[in-house]
Amino acid sequence: MTKKWVYVSRTAKEDLKKTLGHAPEMDEMKIILGGKGAGLAEMTGLGLPVPPAFTITTEACVEYMKTGEFPEGMMDQVMEALKDIEEQTGKKFGDPENPLLVSVRSGARQSMPGMMDTVLNLGLNDETRAKLAELTGNEWFSYDAYRRFITMFSDIVMDYDREHFEEKLEELKKKEGIRLDTDVSLEGMKGLVDEYKKMYKEHFEGEDFPTDPIKQLELSIKAVFDSWNGARAYAYREHEGIPHDWGTAVNVQTMVFGNMGDQSGTGVAFSRSPATGGHEYLYGEFLMNAQGEDVVAGIRTPRRITVQGSREWAESTGVSEEKRKVEYPSMEESMPEMYEQFLEIINTLETHYRDMQDVEFTIENGKLWMLQTRTGKRTAASTVTIAVNLAKEGLIDKEEAIMRVKPEQIDLLLRPSFDPKAEKTLIVKGLNASPGAGVGIAVFDAERAKEAADAGKDVILVRPETAPDDVPGMLASKGVLTQKGGATSHAAVVARGSNLPCVAGCEGISVDVNRKQFTIDDKVIKEGDVISVDGFTGAVYEGSVPLIEAEYEKQTDLITLLEWADEIRTLGVRTNADYPVDARRAVGFGAEGIGLQRTEHMFFAEEARDAVVRMILAKTDEERQTALEEMLPIQEQDFEGVFEAMDGKPVIMRLIDPPMHEFLPSREELIEEVAKLRCESPDSPELAEKEKMLDVVNGLWETNPMMGLRGCRAGIMYKGLTEMQTRAYFQAACRCTKRGVKVIPEVMIPLVGHVNELKMEREKLEAVAKQVMEEEGIEVEYMFGTMIEVPRAALTAGEIAKHAQFFSFGTNDLTQMTFGYSRDDAEGKFLLKYVEGFETGKVDDEGNPILEPILEANPFQSLDQAGVGCLVEMCVEDGKAANPDLEIGICGEHGGDPASIDFFHRVGLDYVSCSPFRVPVARLAAAQAKIRND
Ligand code: PEP
Ligand code: MG
């Protein structure tokens, strides 16, 4: 038996059950029928009004991509399925007496809005057009449908650009002195169809426009399959990480017409706000007497579904209430019964899919038809709000809500917005189509925008409206501004899906792409001028508006979601913070302690630096001791501030770690200065001083300082250093305790490679801690531990664990030393290329070179689980075997990376520690790791 390539929507679920041997899961349906095809099958199954349809599977597309031919039996099955929908509609495809017209649409497993092709009104030719006019009593409509079909078919199937046809339509409108397509005269439409046919014949050197509906269908299916490998679909998949071998399904659906007159229309809607996730009312727009493409193209101003939405739109665009009521009444006001039915359908769909839906609908002569439903694309903020609300409404549980938000989306929510207090010059306001704040130079062409962005410039792409070809340029930009189009226009949908700030439908500006400028009254903004677009409010400003941090405390849904995450996760989340201000911020983000305080950072301020330099330059113990005494109060003050900020949460103070030369002037500069002074003023005291400094720097100079006198090695070599830091820390701990601040001090030794280093440092440290407590007359409990960041430490973990109460993996150094890559050199010289890949000599279908990477990811960003991870795992096992009470954390950069967090959960660490802004990300990722793995 030949494979089943085609499924009729009304029996698709039953038929799939036979093919698969079990009732199909939602995801399985999507894999085979694509998202749209699965949606049609589901909606039909729910008893919703859906025009009869069938779906050609993604598997057929995959076969087609291999051979360039339809798989065997596919077209026979298409003919069978066509018969089925003919039966359902009582019409016949190509029958001049009772013609069935269909649409052919792409539909991949995952939605790729506007990326692939659609052909509407298939089945039209001179005879069927005449019958359509007779049956509908609307000749104008029949010609309008025909001219649209010729345009679309020529453009998408035959690669004869639609612009040529649109130009003629524009000429005609000018001649007739009208603005809207719907105002073109009947004679005008007739003439246009004749002209289109002539143009086609001329372009294809004598070949007539195909009149055989089956031929039309076959060619259109082919074109949709081919569009999977079109440049814009390819670019979109690259950006979204969608595999190139999935293929697209093709949906053939009975046409219903929104352009049959005043009682017809078409629109799109979201069951909740895709921008904010709000559920106060339905978010949608529609146009009467129009086809779907008219809404998406954004040429006419659409009306809203609800009164509330309509009023908000009118307010934001300055339309008066009187005018709104007459010219743009909502569906709720003008078609209340249909509105009720629509509301019910939307609720049925949301309950069924348990997620926000994005639907397309058509009204044909007063009857509502649902054409498509899919899980709606949304911004990061609305992803969180919708997940939380669905859980509160009982449609999903908390765990599912947690899994529905990607940790990276949380990162986006903590991004900055424009400073409301900053002075700004508002130039115009449009629709707040996708939230976020973007600043950059205005560029009026997507390709140029991409080039400028690749050259390191921040760009705002400004277009009259956007089309799928603009997507690569949009994605490279910091924001998008369009003159036309509503909240569901192409620009808005793509921007929201990519978390790109977007102001759309900015009717107040006039974009002139040819002159590379836009104007508002007398003001002209030219390419290269800096503008700021505010996707939160729809405002566009001249120049660069300063940004401020996101207000986490006000993001109540995010806070709720993270509280749920905290209930679930077992992995602790601490932060890497050096100063009281960072510590306070991290606590606000939910940090449960400090996993790493890099004490060397406290000395980067100028006065502190001087003391460190003197400590390094010291020739005698006394000199060094004097310098250390100057350093002590600086440290103590910061320690107290951090203890106060963390009140009752553990604070890991790490003894000083950087290569010592980092505190001294640059060797190259000193050599230059000394050479110059020797010529210009050989006897000057300045020269003597510089020469002395150069001597010291030369003495400390290391070929690879990252493996030189660092970490505990410095503490061991510089007498008194460890003691000073310990004293400052314990004095701060004792004094805070006396003031009623609860402290949990933990001291950590960096860069240990041999147990003896640890033992030596511990002895010094314990003695000072004891002495300080005696002096202060108070006892504080503390823990003593070590970083594991040198491979030898990981390999001898059993031995080391006997002398430490905790381990903390320094995966930055551990990665560096395990790979043998010097991080700073590697990233600049070869690492990024290793990840990007090298040419193989092979090319893909589009002629792009296929690259083969050496590394899947940058190991300094995402932990190399096979190599460095193996050391971590071994170390945990040996360490815990030797010391069952050993507490183990990680404080390298990987502590904020979701994939690495999943690994750390699996190997049984107690906590991760990351920078303050990553703390919310880590909380969610830790909960997801628990749900995923346990
Ligand atoms: C590490 O090496 O992972 C670490 C946290 O220490 P630093 O980055 O300060 O070297
Ligand atoms: Mg380190």
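First listed ligand is number 1; within each ligand, the first listed atom is number 1. We count residues from 1, following the sequence as given. Bear in mind the structure is a predicted one, so any value in this text is a computation, not a measurement.
- Residue M787 touches ligand 1 through its side chain alone, judged by heavy-atom distances below 4.0 Å.
- Using a 4.0 Å cut-off between a side-chain N of Lys or Arg and a carboxylate O of Asp or Glu, E399 and R404 do not qualify as a salt bridge.
- For the 3.5 Å distance criterion, the side chains of T599 and Q725 qualify, holding a donor opposite an acceptor.
- Under 4.0 Å is where a charged nitrogen must lie from a carboxylate oxygen, and between K649 and E592 no such pair does.
- Looking from atom 6 (O) of ligand 1 to the surrounding protein, the closest heavy atom is R654 NH1, 3.0 Å.
- Counting only distance, with no hydrogens or angles, the side chain of K738 and the backbone of E776 share a donor-acceptor pair below 3.5 Å.
- Here R710 has side-chain heavy atoms under 4.0 Å from ligand 1, and that is the only part of it that gets that close.
- In terms of protein heavy atoms, atom 10 (O) of ligand 1 is closest to D813 OD2, 2.9 Å.
- Among E623, E630, E622, the one residue that satisfies the salt bridge (Lys or Arg N to Asp or Glu O under 4.0 Å) test with R614 is E630.
- Residue-level proximity to ligand 1 for L596 is carried by the side chain, the only part with a heavy atom below 4.0 angstrom.
- The minimum distance between the Mg ion (ligand 2) and any N, O or S atom of E789 involves atom OE1.
- Looking only at heavy atoms of the protein, atom 9 (O) of ligand 1 is closest to R598 NE, 2.7 Å.
- Taking distance alone, with nitrogen or oxygen atoms compared against 3.5 Å, E893 stays at or beyond that limit from ligand 1.
- Listed by number with element, the atoms of ligand 1 under 4.0 angstrom from any heavy atom of E789 are 1 (C), 2 (O), 4 (C), 6 (O).
- With sequence neighbours excluded, the residues satisfying side-chain hydrogen bond (donor to acceptor under 3.5 Å, both in side chains) with E549 are R585.
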Acceptor/donor pairs from residues 922-931 side chains to any protein atom, 3.5 angstrom cut, sequence neighbours excluded:
unit_1	atom_1	unit_2	atom_2	d
R923	NE	D566	OD1	3.1
R923	NE	D566	OD2	3.4
R923	NH1	Y552	OH	3.1
R923	NH1	F589	O	2.7
R923	NH2	D566	OD2	2.7
Q928	NE2	I402	O	2.8
Q928	NE2	V405	O	2.7
K930	NZ	D934	OD2	3.1

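- Using a 4.0 Å cut-off between charged side-chain N and carboxylate O, D657 and R598 make no salt bridge.
- Listed by number with element, the atoms of ligand 1 under 4.0 Å from a non-hydrogen atom of C891 are 5 (C).
- The Mg ion (ligand 2) lies closest to atom OD2 when only the N/O/S atoms of D813 are considered.
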